[in-house]
Amino acid sequence: MLTDVLLTVLAPSNLIIIAAATFYGCFVGAVPGLTATMAVALLVPFTFFLDPIPAISAIVATTTTAIFAGDISGTLLRIPGTPASAAYVDDAHALSQSGKARTSLFVSLITAAIGGVIGVIILMLVAPQLARIAISFSSFETFWLACLGLTCAIFVGGGTVPKSFASLCIGLAIACVGIDVAVGHPRYTFGTFDLLDGISFIPAMIGIFAFSEVLRNVQILDKPAETIIHATEKVGAALKAALAVVFKYPKTVGSSSVLGTLVGALPGAGADIAAWICYALTRRFSKNPEKFGKGSLEGVAAGGSANNAAIGGAWTPALVFGIPGDSVTAIAIGVLLLKGLTPGPRIFVDQPELTSALFGSFLVANIMMIPVGILAILASTFILKVPRAVMAPVILLFSMVGAFAIAGTVTAIWIVLALGLMGYYMEKVGIPLAPAILGIVLGKIIEDNFMVSMIKAQGDLTAFFDRQYSMVLGIITLGLWGLLVLRSIREISRSRPQTEG
């Protein structure tokens, strides 16, 4: 049986499909505004003409590479390709500005491959056990998990606690736009039908990062483009430096990969929360926490490995119980159903060759991602040689096209422009951008699960601590909030003498 599976996965036709999907995912993921989810969604019509195993192989290879490729635009242009990349985009871009663009991208690539391999190994060994924990999560646990993600955003915001909290509140306020989940009444839509579903986080992310970056570049068009020097970083030296970083922080890569897999296995969590939590924990226990947000290769390694590890974790509930771990696995479940296959506990008994082929495709895709990623990095870093006067309008064009492609409305373009101005002025006064993005991503999740939990508990707040996992997550979250309050008081007390003087 194992021999047959290996022959299927390593068949030339299947390898060609994986290679093509890898190149495709790398291209789509590297374009600002185009996400891994969009890449997989655009791939679905082509899977109709493929057998189940090649179809799943194509989806796996596309997802794996697109998640990594999102770091390319984040590093070079400060436009995260995925919300998960926003966790360490400041580090990656700072490294690019200091002449280490290729080193940062090679670190992302290598740790992404390692994280992906560790994630699929864990998926192979303990999928049923992880899924059993994941399936037991109710709205109470999901609420606390999302709150934990928001808490991590303040820890890694880069500014003071009050300013990071202000950024988070801005993001949560944006997430409030749309239909009220409890009473079904529109909020802050101003009579615009396009806003009834809320503000999509992709146009919001494009605006806050991309358009605000364009505005900053416009101010320095008359300055010499020092980024030309950055692009001349030698490939061999950059690759050697990246490998040195991986060997220097093996515990960071290993622990982030394992934790990323565990978080990814929780329905609705995905790579976004995994990257933020792993980045925050790495910063907390790092010997050099002051470097995070300013060009820390350790932070890039933590986020990069957690990103791809979470992909394997997200397939756990999808395979074992038919519950999508994220939007990509939701699409994959739809493809399996169209092929006459039903994900669930019986799939390990009825179609063991499919699950084994999935694991094999994961491993092959992560290995194949390395040479493809190297080619993408070599090609993309030449973008640093393009003059700012040319690059600024190109970024703006990609931003508008990406936002319109996601939402399909002109309103999305106005959202990009409005939030871009907001992001520009936020950075001007020292308010970090990353917490606002996570507030937009998790705001709806928190509200939905809080309202559902309150309805189930009939308004009893103690119900949030009745269940075992809910109590543990709640205590951890509240404990972190207490630490944030103490840290805020300490920051205020330190700044007061300077103000008085």
Side-chain angles (χ1 to χ4, degrees), residues 83-84 126-155 165 168-169 171-173 175-176 178-184 187 198 201 259-278 280-281 306 310 313-318 320-327 329-330 345 435 438-485:
V126 294
Q129 290 74 16
L130 284 175
R132 195 172 296 117
I133 296 175
I135 196 63
S136 66
F137 267 45
S138 67
S139 57
F140 296 102
E141 287 84 2
T142 306
F143 167 78
W144 283 121
L145 186 68
C147 287
L148 185 61
L150 292 182
T151 309
C152 293
I154 298 179
F155 269 110
F165 185 72
L168 183 60
C169 288
L172 291 174
C176 288
I179 297 291
D180 187 297
V181 67
V183 299
R187 301 176 304 194
F201 64 84
L259 183 57
T261 306
L262 296 174
V263 175
L266 305 175
D272 306 350
I273 299 179
W276 281 96
I277 290 178
C278 292
L281 288 175
W315 278 87
T316 303
V320 180
F321 292 100
I323 299 174
D326 57 10
S327 54
T329 50
L438 202 64
I440 296 172
V441 173
L442 296 181
K444 188 64 69 176
I445 297 175
I446 287 178
E447 183 185 12
D448 290 353
N449 285 281
F450 178 77
M451 296 307 299
V452 169
S453 300
M454 290 298 287
I455 291 171
K456 289 193 295 187
Q458 297 183 349
D460 184 9
L461 290 173
T462 60
F464 283 87
F465 299 92
D466 285 346
R467 296 164 57 87
Q468 180 181 359
Y469 293 121
S470 178
M471 180 179 63
V472 172
L473 288 171
I475 291 174
I476 292 174
T477 303
L478 293 176
L480 289 174
W481 288 354
L483 290 176
L484 287 173
V485 171

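All heavy atoms count here, side chains included; hydrogens, waters and symmetry mates do not.
- For residues 462-483, the pairs satisfying salt bridge (Lys or Arg N to Asp or Glu O under 4.0 Å) are E141-R467, with sequence neighbours left out.
- Checked against F464 for a side chain to side chain contact (heavy atoms under 4.5 Å, CB included), the options L461, T462, D460 give a single hit: L461.
- T142 contributes atom OG1, which lies 8.5 Å from atom CD1 of I445 (distance to the nearest 0.5 angstrom).
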> Does the side chain to side chain contact (heavy atoms under 4.5 Å, CB included) test come out yes or no for W144 and S470, once each step is laid out?
Replying inline: CA-CA 7 Å; W144 283 121; S470 178; 3.3 Å; yes
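- Rounding to the nearest 0.5 angstrom, the gap separating the CG atom in L473 from the CZ atom in F140 is 13.0 Å.
- A175 and I440 get closest at one heavy-atom pair: CB-O, 4.0 Å.
- A distance-only check finds no donor-acceptor pair linking the side chain of W481 to the backbone of I476 [under 3.5 Å].
- Annotation for A306 and C278: closest pair CB-SG, 3.6 Å, computed over non-hydrogen atoms.
- In plain terms, the two heavy atoms of K444 and I179 that are nearest each other are NZ-O, 4.0 Å.
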Atom pairs and distances, donor-acceptor, side-chain atoms in residues 450-458, under 3.5 Å, two or more places apart:
{"unit_1": "S453", "atom_1": "OG", "unit_2": "S139", "atom_2": "OG", "d": "2.8"}
{"unit_1": "S453", "atom_1": "OG", "unit_2": "N449", "atom_2": "O", "d": "2.6"}
{"unit_1": "K456", "atom_1": "NZ", "unit_2": "S139", "atom_2": "OG", "d": "3.0"}

